[in-house]
Structures are given as C-alpha cells and as structure tokens.
Protein chains: 2
Amino acid sequence: MAGKRKPNELGQQETRERLIETAERLFAERGLDAVSMRLINREAGQLNTSSIHYYFGNRDAVIEAVVEHRMSRINESRLALLAEMRAAGGEITLHDIIAAYVRPLAAQNDGCDGGGGGNYVRFLAQAYASAEIDIAQLARGRWDQSLQQVAEMARARLPALPEPVFRERLGIMFRAVVYALADRERDRLTGRERSTRLPLAAFVEDLIHMQAAALAAAPAL
Amino acid sequence: MAGKRKPNELGQQETRERLIETAERLFAERGLDAVSMRLINREAGQLNTSSIHYYFGNRDAVIEAVVEHRMSRINESRLALLAEMRAAGGEITLHDIIAAYVRPLAAQNDGCDGGGGGNYVRFLAQAYASAEIDIAQLARGRWDQSLQQVAEMARARLPALPEPVFRERLGIMFRAVVYALADRERDRLTGRERSTRLPLAAFVEDLIHMQAAALAAAPAL
DNA sequence: GACTGATTAAAGCAAGTGATTTAAATATCA
DNA sequence: TGATATTTAAATCACTTGCTTTAATCAGTC
C-alpha cells in the first residue's frame, strides 16, 4: 500500500536545502523541542516523515545540518573582515574587532542573500539555551577559527585585564550579542515591535559600542 | 482498581511547595519542553500524574507557580536595596543601581535560603528563550515594580543617551545578566567547569562593572 | 462507628513522537 | 525497451505526552 509519487520537480540537492531552510525557520520560530520531523516535512512540502529521515538519518543530524549550513559562511565573513583590516594597515581598535564578530551575524538578518532572514540568529539563540544539544561542542572546528582570532586580538588590546576576568567577559559578550539580535528579530516578526525601536543598522552599531565598552570596563577588584 | 495510599506525611502546603521546587529544578536542568508532568510527579515522590493536576490544574499553571514562587522575594529584595541606598543619603551611582538589579538574582544562586541553589536563574533563562511562554507578559505586575525603579534611576544618570538607545540597551543588559548567571551555574552543575573560573562573588561584581560600562558607553551616532 | 470531604493511586484516552519497513514510482543507462 | 538504483509515499511500531476518570484511602466531625 504505497502512494503515487509526483514527478521529481526538485533535484536532490534542492530538496535537501529546502528541508534545511524549513527546519531552520521552524526551530527559530518555535524552539528546538517544539518542532517534529513530521512538521518539517509537512512545511517543506513533503507529505510524511520519510524524506527527512532519508536525507539526514535522524533528528540530531538535522540540527547539525542547520548549523553547518550557515556557520561556514559566517566564519568566512568574519575572517575576511579581520584580514581586510590588517591589510588596510591602520590601527585596529577593540571596537573594530567586535564589529568583525557582530556584523556578519547581523548581516544574516537582512536576508541579503535571498530569504532566510533572521532565522539563523534566532535558531542560534534557541540552541544556546537548549539543554538538548551542546552548540559550542557541535560547532567546534568550524567557526572556532574566527572566534579564536577575535579572542586573541581583543586580548592584545586589554593587557590590564586579568586572564580569568577576560575569559568570563568574552563569553558573556558573545552570548549577549546573539541574544540581543535574536530578541530584536523576534519582536520584529511577531509584530509586537515595541513602540519605536532603533533601525537595525543603528541597533547593530550601538550594540558594538556597548559590548566594546563592557569588555574594556575597569575590573572589579 | 485503585492503589493503596500511604499516610499523609506532608501537609497540602508542603506537597505543593515540593512540587514547585521539583519543577523548578527539572525545568532548569532540562528546559521547559523536556519536562513532563509525569516526571515532575515522579521526582517529587508522587507516583503518577494525578497530584500535580490536582494542585495546579494544568501545565501552564505549574510554570506560572514556579515564577510566582521566587519572583516576589527577588522583587522585594531589589526594592529593599534601592530604599536602603536612598536612606543612606550618599551619591547613588549607575553601578549601585545595576548592583540592585543583579545581586538579588545572584543571591538565589548560593542557596542562601535553604536548597534551591541556582535553579531559578537557569529556569528564568530557559523561560526567556522559550517560545512556549511569554515570561515578560507573565511577570507583569509582579517584578515590574523594581525593574521600573531601576530603569528610572538609571535613566536619570544617563541624560546624554537618546531615549530609544537607552531602552534598547536596558533590555539587552537585563537579559545578558540572566544568561550570564545561568550559564555559569550550568557549567558548575554539569561539572564541565572551564579550567579556572572566577569565584561566584567576583564573577557577580565584575558582571556589574561590565554592564554599567555597557550602559554608559558613548552612543554610536 | 459511620458519614463527609480532601487527597492519592491506577488505569485509560486521544493525540503526537522518532524511527522503520514495505512498496510504489521515477530517473538513468544499457 | 527493460533492468537497476534512487527517491517518495503509506502504513506501522513502540513509546510518551497532557489530561481525565474512577476508585481507593485518609483526616475530621458527629
């Protein structure tokens, strides 16, 4: 008892990408736990649970694929920004370094490369908060590269900060940026845009200023 | 077909509190979606799903009860700190105001009032990230009071900041603090304490310094 | 001791879960 | 055209979910 199959309108690569993008959106909108394999399939236009299992094997692999999908290009974008700065030869401030961390993430929010929009940032925030997966562990070896550079360059500009203080602050800052971007995107999409919010560009630039100041604050002791 | 009932060792109030505290812990450890009514009951010493439904009615009411349970005392603690400062008569700095926001939250982490520990902060972080419930909406009218004061007093000390910038920053700061505390607590409990982290007290104080600097940073435009 | 109301236990329900299996429909290439 | 491998559909499995129902057991009062 099996059904009739429509002609294959999409190539396998297209079907795979469509599943990934649908999953990303749903995860972002509803949270990791609230999205089932069936739902992803349905929203992607497939009728039952078979294809997503066919393409990815199991649920965790879907999440991994979503991360993989965007992480590489964000990583590259960050590395490119840093390299550009070094090539320019001028002084590289702490502000510039943090900008290289924040801007590629924020750029995903414009849907600059066709659709998608801010889904990834919101997905990332969900993943950070989730006990289900260890996002840091999952990403290791992919975007570690650019984060490493950001960390080292920032460290060099904050010699007065004790090492453990610096490390705590960096972690807090990394997360705060993701949550801030995700939160703004959520408000934008759910329509409950708080009275008057800053335009995205201004928001991002001010966020960079904030975080630079936070990192550089005089230590407590 | 019903079972045998053990003598009622706890009063109804105690049973209720035990359910709330168990729920808080489980929500904190595993995330909101990953905890079922059955699990809460089991971990609280009850055998099936009946009592939690008996006491709370439905699942959302359990979450609400967990918030209610701690929110009020944190709110009071914040108001007390602010009143104390005003009574002391000296100059109240931005740092002091943020401290009044952060410290009562962090104090929940010591388990200073008997057990519980940092569960609430982690629960709060899960709730913030969850699409399942709107924590801000849920809390309105309870801790709004202390947050309002913190906001107004901070505003008075940052007259140069445009209003929309101030509002964005305040929201970012509020969240960053919750996530920072929750993240630290999680690492502590899961044992994967990153090599050498700051002791809690130092961590909290430095967090306050960071966030004060972030709020007071020169605006972008 | 029997009645009453509050609390607990057990079983069950309809719905949904991730995953597997089976079979049909397609594309590819000989 | 016909055999083969790839891709989709449908049905199914064992399990969990929130919640309800039914029945048993307690404490308190007369």
Side-chain angles (χ1 to χ4, degrees), chain A residues 1-24 26-27 29-66 126-127 130-133, chain B residues 1-24 26-27 29-66 126-127 130-133:
Chain A
M1 306 82 181
K4 328 210 141 182
R5 205 192 125 203
K6 276 185 298 185
N8 193 2
E9 293 152 15
L10 312 169
Q12 62 167 316
Q13 198 55 37
E14 275 176 280
T15 306
R16 211 186 118 94
E17 274 199 18
R18 190 144 101 178
L19 285 169
I20 290 181
E21 278 159 21
T22 307
E24 182 184 80
L26 290 171
F27 283 141
E29 284 171 5
R30 316 192 184 195
L32 291 188
D33 299 282
V35 175
S36 69
M37 304 286 266
R38 281 174 165 84
L39 180 63
I40 299 172
N41 251 308
R42 206 182 312 141
E43 294 270 311
Q46 318 300 99
L47 291 183
N48 22 9
T49 76
S50 38
S51 37
I52 195 157
H53 275 104
Y54 176 77
Y55 281 109
F56 300 97
N58 60 32
R59 197 174 185 280
D60 286 346
V62 176
I63 297 174
E64 204 165 336
V66 172
Q126 296 280 3
S130 167
E132 195 182 356
I133 66 169
Chain B
M1 306 86 180
K4 328 210 141 180
R5 204 193 124 201
K6 277 185 297 187
N8 192 2
E9 294 153 14
L10 310 170
Q12 62 167 316
Q13 198 55 37
E14 276 177 280
T15 305
R16 210 186 119 94
E17 275 200 18
R18 191 145 100 179
L19 284 168
I20 290 181
E21 278 158 22
T22 306
E24 181 185 80
L26 291 171
F27 283 142
E29 284 171 3
R30 316 191 184 194
L32 291 188
D33 300 281
V35 175
S36 69
M37 305 285 267
R38 281 173 165 86
L39 180 63
I40 299 173
N41 251 308
R42 205 182 313 141
E43 295 269 313
Q46 318 299 99
L47 292 183
N48 23 9
T49 74
S50 38
S51 35
I52 193 155
H53 275 105
Y54 177 77
Y55 280 109
F56 300 96
N58 60 31
R59 196 172 186 279
D60 286 346
V62 176
I63 297 175
E64 204 165 336
V66 172
Q126 297 280 1
S130 167
E132 196 181 357
I133 65 168

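Here the structure is a predicted model, which means the values were calculated and not measured. Here is the naming used below: chain letters follow the sequence lines, and residue numbers restart at 1 for every chain.
A:Glu24 contributes atom CD, which lies 10.5 Å from atom CD of A:Glu29 (distance to the nearest 0.5 angstrom). Here OG1 of A:Thr15 is found 4.0 Å from OH of A:Tyr55. Values are rounded to the nearest 0.5 Å. Atom CD1 of A:Ile20 sits about 9.0 Å away from atom CD1 of A:Ile52, to the nearest 0.5 Å.
Between the C1' atom of D:dT8 and the OH atom of A:Tyr55 lies a distance of 9 Å, rounded to the nearest Å. We find that CG of A:Asn41 is positioned 11 Å from P of C:dG18, with the value rounded to whole Å. Taking atom CG on A:Leu39 and atom C1' on D:dT17, their separation rounds to 17 Å, with Å as the unit. In this entry the distance linking CD1 of B:Ile40 with P of D:dT16 reads 17 Å, nearest Å. Atom-to-atom, NE2 of B:His53 to C1' of C:dA11 comes out at 15 Å; the value is rounded to the nearest Å. Distance A:Glu14 CD to D:dT7 C1': 15 Å, rounded to the nearest Å. A straight line from CD1 of B:Ile52 to P of D:dT17 spans 13 Å, rounded to a whole angstrom. The CZ atom of A:Phe56 sits 14 Å away from the P atom of C:dG18 (whole-angstrom rounding).
Of all nucleotides listed (D:dG18, D:dA10, C:dA19), C:dA19 comes nearest to the side chain of A:Arg59.
With sequence neighbours left out, the side chain to side chain contact (heavy atoms under 4.5 Å, CB included) criterion links B:Ala23 to B:Phe27, B:Ile40, B:Val62, B:Val66. By the side chain to side chain donor-acceptor pair (under 3.5 Å) test, A:Asn41 pairs with A:Ser51, sequence neighbours left out. Residues satisfying the side chain to side chain contact (heavy atoms under 4.5 Å, CB included) criterion with A:Arg42, sequence neighbours excluded, are A:Arg38, A:Leu39. Checked against side chain to side chain contact (heavy atoms under 4.5 Å, CB included), B:Ala34 has the following partners two or more places apart in sequence or in another chain: B:Arg30. For B:Glu43, the salt bridge (charged side-chain N to carboxylate O under 4.0 Å, His left out) criterion is met by B:Arg25, not counting sequence neighbours.
In this structure, B:Thr22 contributes its side chain and B:Arg18 its backbone to a donor-acceptor pair below 3.5 Å.
At the phosphate of D:dT20, neither OP1 nor OP2 sits under 4.0 Å from any side-chain N or O atom of B:Tyr54.
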I'd like a list of close polar pairs between nucleotides 12-15 of chain C and the protein, N/O only, cut-off under 3.5 Å.
from: C:dG12; atom 1: O6; to: B:Arg38; atom 2: NH2; distance (Å): 3.1

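Less than 4.0 Å separates DNA chain C from at least one heavy atom of each of the following residues of residues 29-37 of chain A: A:Val35, A:Ser36, A:Met37.
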